[in-house]
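Written out below as structure tokens is the structure these notes cover.
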Amino acid sequence: MAETDDPYQAFRFVVEIADIDTLTGFTEVSGLGNETAVIEYRSGGQQRTRKIPGRHSHQNIVLKRGLTPDRALWAWRKNLLDGLVDRRSGSVIVLNAELEQVVRYNFFEAWPVRWEGPSLNATGNEIAIETLELAHEGIELA
């Protein structure tokens with residue numbers, strides 16, 4: 001009987017960002033994508049519309065994690081608020097059941113475009129989550 005490759009589980013991953021050594025576990029990563037605009041045109045005398053690739057764009061990467069005493073992400077965002085565009089590259093690394101790297105998404109020239117503190121509710125028991133959104137100039141699957 002042939003073996004099948006099972007899909008990787010979405011809950012085993014780590015995030016690395018240049019010059020930030022104290023990152024704690026993220027609960028969610030989204031926005032690992034890009035797209036190409038479609039340009040439609042019609043040549044003279046032709047009835048059908050042609051489609052050609054246009055500009056490429058990259059989605060912002062959104063990172064969510066439980067609020068901890070670690071202020072490294074806030075400090076990075078604060079640099080931008082203080083007028084210093086601090087671009088950094090990083091990776092989102094998917095791990096297998098043995099915690100070995102199986103997929104790596106490298107992103108380049110990222111900077112924090114949005115930071116959001118946790119929603120607080122005295123009647124709940126949820127974890128306080130902070131969100132950081134990163135604009136970047138490219139992503140590659142390594």
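Along the sequence shown, the residues carry numbers beginning at 1. Because the structure is a prediction, the values reported are computed rather than measured.
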Close side-chain approach of [X] to [Y], heavy-atom, < 4.5 Å:
X: Ile52; Y: Tyr41; result: yes
X: Thr131; Y: Leu63; result: no
X: Asn79; Y: Leu81; result: no
X: Leu99; Y: Arg12; result: yes
X: Val103; Y: Leu141; result: yes
X: Leu95; Y: Val102; result: no
X: Val92; Y: Ile139; result: no
X: Val29; Y: Lys64; result: no

Would you name the heavy atoms of [X] and [Y] that are closest together and state the gap between them?
X: Asp86; Y: Trp76; result: O-NE1, 2.7 Å
X: Thr36; Y: His56; result: OG1-ND1, 2.8 Å
X: Glu137; Y: Arg87; result: OE2-NH1, 2.8 Å
X: Ala72; Y: Ile20; result: CB-CG2, 3.6 Å
X: Asp70; Y: Arg65; result: O-NH2, 3.2 Å
X: Gln59; Y: His136; result: O-NE2, 2.8 Å

With clusters defined by side-chain heavy atoms of hydrophobic residues (ILVMFWY) lying less than 4.5 Å apart, directly or transitively, does [Y] cluster with [X]?
X: Phe26; Y: Leu67; result: no
X: Ile17; Y: Val14; result: no
X: Val62; Y: Leu73; result: no

(message) Apply side chain to side chain contact (heavy atoms under 4.5 Å, CB included) to residues Thr27 and Ile129 and explain how you reach the verdict.
(response) CA-CA 9 Å; Thr27 58; Ile129 301 292; 4.1 Å; yes
(request) State whether a side-chain donor-acceptor pair under 3.5 Å links Thr123 with Asn121. (result)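 There is such a pair between these side chains.
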Show me the side-chain donor-acceptor pairs of residues 104-115 shorter than 3.5 Å, one per line, residues at least two apart or across chains.
unit_1	atom_1	unit_2	atom_2	d
Arg104	NE	Gln101	OE1	3.4
Arg104	NH1	Glu16	OE1	3.4
Arg104	NH1	Ser91	OG	2.9
Arg104	NH2	Gln101	OE1	3.0
Asn106	OD1	Ser91	OG	2.6
Asn106	ND2	Glu140	OE2	3.3
Arg114	NE	Glu133	OE1	2.9
Arg114	NH1	Glu116	OE1	2.6
Arg114	NH2	Glu133	OE1	3.4
Trp115	NE1	Glu130	OE1	2.9

(request) List for me each residue that meets salt bridge (charged side-chain N to carboxylate O under 4.0 Å, His left out) alongside Lys78, sequence neighbours excluded, and say none if there are none. (result) Asp82
(message) Distance check, rounded to the nearest 0.5 Å: Asn60 atom CG versus Leu132 atom CG?
(response) 10.5 Å
